[in-house]
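Only one structure is covered here, and it is reproduced in the block below.
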Amino acid sequence: MSAVCPVSKSRATGLWRGDYRMSDMSRDTAILLLGDQLSWGHPALQQADPDTTVVILAEVREEANYVRHNRHKIALLFSAMRHFAEALGERGYQVAYYPYEDSVPSLLAACERAQEQWRYERLLICEPGEYRLLEQMQRWSDALGLPVELLEDTRFLASRQDFSDWASGRKQLRMEYFYRDMRKRYGLLMDADQPEGGKWNYDADNRTGWREQCEIPARSEPEHDDITRTVIAMVEAAFPDHPGDLSTFRWAVSHKAAQAELDWFCEHALPAFGTYQDALAEESPWLFHGLISMYLNCGLLDPLPVCEQVEAAYRRGHCSLSAAEGFIRQVLGWREYVRGLYWHHMPDYRERNALSAHRPLPEWFWTGDTEMRCLSQALRQSLDLGYAHHIQRLMVIGNFALIAGLSVPEVCDWYLGVYLDAYEWVELPNTLGMALFADGGIMASKPYAASGKYIQKQGNHCKACRYDPKRVTGEDACPYNSLYWHFIDRHNALLSQNPRMGLILGGWRKRSDEDREAVLQWADHTLEQIAEL
Ligand code: FAD
Ligand code: DLZ
Ligand code: SF4
């Protein structure tokens, strides 16, 4: 195997670039690798011959700007792309790399430029994670005048077809049953054909609130190499209006470094992960969470080895069954399930707005500047770090958006831009379906609406908040409280069809007219003042 056209490392950018001698400039096949497909398990790489293939990687305007992506997300992807380009070069591939400074407008434009240089005869692409891009790519064959093959993304544990087969004929698509089938299929945490420990799900053990019971292990900061430093400086200059404080950039940008993060998690945080999975802590944005979704979603980690590593930790007695099961349920269950649901229901899923939520997003969603302490902390860390854990996304930010009736598309775009693990296949079902109930209950069996009491139970934010979680009306009342009852009251008709809401609705109806009126009036006042909360 010989690379006819040697790759050379440019001093200026630290990138692998082709040596553009005309005699060398042709390849049979091009592979376009997207920024979230940086995996050796990529279906086109699996069948590629480096001698006849050119791999295209491109940092392009359209992908970087179709929502207001967090600068952490852009820097993570660009640096990981540049590192992967290097690794491809080391394995003998010719790489056509277009850095952001080249001002390439779109992925199609990058393929056109590469075609001029490499005169390839067919283009292989792994299907993208967003419907918007899939639709575009289906027209690329005409635009480029050559065959474009869209390959199935084999990096997931359930294919789109697997999910459709599972879904067909079912009235309800509940995650729990999908998850059990996946456990059996992959033999994870199984004892012959029975679930390890006799139960499928240890969710009830995963709900302890945070009362500073133990020390939260400190995370180390990965050291940045020249490539990452160059990318950070470029992103800071090129995206001045995007959120993200890059002085705190702490993310792994190679397979090896991402694996080291997973190893650290298994060693230090996994044992307490199960217990505090639903906790909210004033003193830490990370608690005992994995911080691996950003790597799984861009190809730096693969889901099966991740689950196997966590199971191995349980088998050697390093963590409890509830910790291992709680974690594997997220990766093998929820992650695969939301992807299946997305492709099963797109494109109309994106248009759903079952509760007619249209209120514009308050400006403080982009600054975190609100006196609601739990919400301010969750927003600020989301904007600054590109990360919030699940309960912050669901029960602090998402819950507020749900009970205040914030615009579904605006909230979805916010989530898609702000988080460094966000791609529409995973963001949309979680936001539109799970958090906002805008799919009318396809994903969640009841809305995840809660008052300040839940947030107080799960964490320690309320102690230092200017609002009082026990009060429902009045200047000091926690805004979550009246807004919660306003939500219950305004969706009374729809919610009364849901047997799981009976108790709450019954309790609300039993209250005196005066009492209810006072709460609703205060909620109206709160909504009028939403910009000032
Ligand atoms: P851990 O708590 O350590 O969990 C382990 C892993 O399980 C995660 O890395 C992730 O890969 C997987 N996982 C857990 N829950 C889910 C879930 N509901 N859906 C898919 N995977 C899950 N996750 C994303 O990857 N991208 C998103 O854009 C995204 N948007 C979300 C929006 C909302 C409104 C909500 C409620 C959840 C969203 N999630 C999203 C799911 C979840 O919050 C994140 O995966 C998790 O917080 C990532 O942090 P972690 O790696 O520390 O997770
Ligand atoms: C998110 C993202 C960003 C910010 N930039 C790029 C890019 O410049 N080049 C690229 O190939 N991919 C990028 N991505 C990831 C894509 O948006 C992602 O592949 C699609 O949204 C499909 O999931
Ligand atoms: Fe959040 Fe309400 Fe508690 Fe303040 S009082 S931290 S707004 S739940």
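Every heavy atom of this structure was used, including side-chain atoms; hydrogens, water molecules and symmetry mates were not. Quick caveat, the model's predicted, so the values are computed rather than measured. Counting convention: from 1, in listed order, for ligands and their atoms alike.
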Under 4.0 Å from ligand 2, counting heavy atoms only, is it the side chain of [X], its backbone, both or neither?
X	result
H69	side chain
W425	neither
R61	neither
L133	side chain

In ligand 2, which numbered atoms sit nearer than 4.0 Å to a non-hydrogen atom of [X]?
X	result
G35	10 (C), 11 (O), 12 (N)
E59	8 (O)
E130	21 (O), 22 (C), 23 (O)
A58	7 (C), 8 (O), 9 (N), 10 (C), 11 (O)
Y66	17 (O), 21 (O)
L107	11 (O)

List ligand 3 atoms under 4.0 Å from [X], heavy atoms only on the residue side.
X	answer
M372	7 (S)
I455	8 (S)
C462	3 (Fe), 5 (S), 6 (S), 8 (S)

Heavy atom of the protein closest to [atom] (residue, atom name, distance):
atom	result
atom 14 (C) of ligand 1	Q330 CB, 3.3 Å
atom 25 (O) of ligand 1	N297 ND2, 2.9 Å
atom 46 (C) of ligand 1	R393 NH2, 4.1 Å
atom 48 (C) of ligand 1	S293 OG, 3.1 Å
atom 27 (C) of ligand 1	D421 OD1, 3.4 Å
atom 3 (O) of ligand 1	G290 N, 2.6 Å
atom 1 (Fe) of ligand 3	C374 SG, 2.4 Å
atom 5 (C) of ligand 1	F327 CE1, 3.4 Å
atom 42 (C) of ligand 1	H390 ND1, 3.4 Å
atom 2 (Fe) of ligand 3	C478 SG, 2.4 Å
atom 5 (S) of ligand 3	Y467 O, 3.5 Å

Axial cation check for [Y] ring with [X], 6.0 Å and 45° limits:
X	Y	result
R71	F249	no
R68	W366	yes
K446	F437	no
R132	Y66	yes
R180	W166	no

Taking only heavy atoms of [X] into account, list the atoms of ligand 1 that are under 4.0 Å away from them.
X	result
L296	11 (O)
E427	28 (O)
M434	18 (N)
A388	47 (O)
L394	36 (C)
W334	16 (C), 17 (C)
T431	32 (C), 34 (C)

Would [X] count as a polar contact of ligand 1, with the cut-off being nitrogen or oxygen pairs under 3.5 Å?
X	value
H389	no
A435	no
Y419	no

Would you check whether F78 reaches within less than 4.0 Å of ligand 2, judged by its heavy atoms?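 So F78 counts as touching ligand 2.
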Within-shell test, R132 vs ligand 2, heavy atom, strictly < 4.0 Å: yes
With respect to atom 52 (O) of ligand 1, which of Y387, W414, Y415 exhibits the smallest heavy-atom separation? Y387
Among L291, V331, L270, whose heavy atom sits nearest atom 6 (C) of ligand 1?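 That would be V331.
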Charged N to carboxylate O under 4.0 angstrom, [X] versus [Y]?
X	Y	answer
D278	R393	no
R466	D476	yes
E127	R339	yes

Exercise: identify the closest heavy-atom pair between [X] and [Y]:
X	Y	value
L300	H255	O-CD2, 3.4 Å
H69	L416	ND1-O, 4.2 Å
A110	V104	N-CG1, 3.6 Å

Begin from the C-alpha positions of W286 and H289 and carry the test ring pair (Phe, Tyr, Trp, His ring centres under 6.0 Å) through to its verdict. CA-CA 6 Å; W286 328 116; H289 287 276; over 10 Å; no
So, 2.8 Å as the limit: is an N/O/S atom of C465 located closer than that to atom 3 (Fe) of ligand 3?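 False for C465.
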Reported NZ-to-CG distance for the pair K73 and L420, which is rounded to 0.5 angstrom: 8.5 Å
Just to be sure I read this right, does ligand 1 sit under 4.0 Å from the backbone of W286, its side chain, both, or neither, counting only heavy atoms? neither
From Q138, E130, Q136, residue fulfilling side chain to side chain contact (heavy atoms under 4.5 Å, CB included) relative to L134: Q138
Give me the one residue out of R183, E325, R329 that meets side chain to side chain contact (heavy atoms under 4.5 Å, CB included) with W200. R183
Tell me, please: is F273 in heavy-atom contact with ligand 1, that is, under 4.0 Å?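 Heavy atoms of F273 do come under 4.0 Å of ligand 1.
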Heavy-atom contact under 4.0 Å between Y337 and ligand 1? no
Stepwise side chain to side chain donor-acceptor pair (under 3.5 Å) check, E283 with W210: CA-CA 10 Å; E283 59 275 37; W210 182 246; 2.8 Å; yes
Under 3.5 Å side-chain donor-acceptor pair for T208 and T275: no
Would you check if I56 and I31 make a side-chain contact, meaning some heavy-atom pair closer than 4.5 Å? no
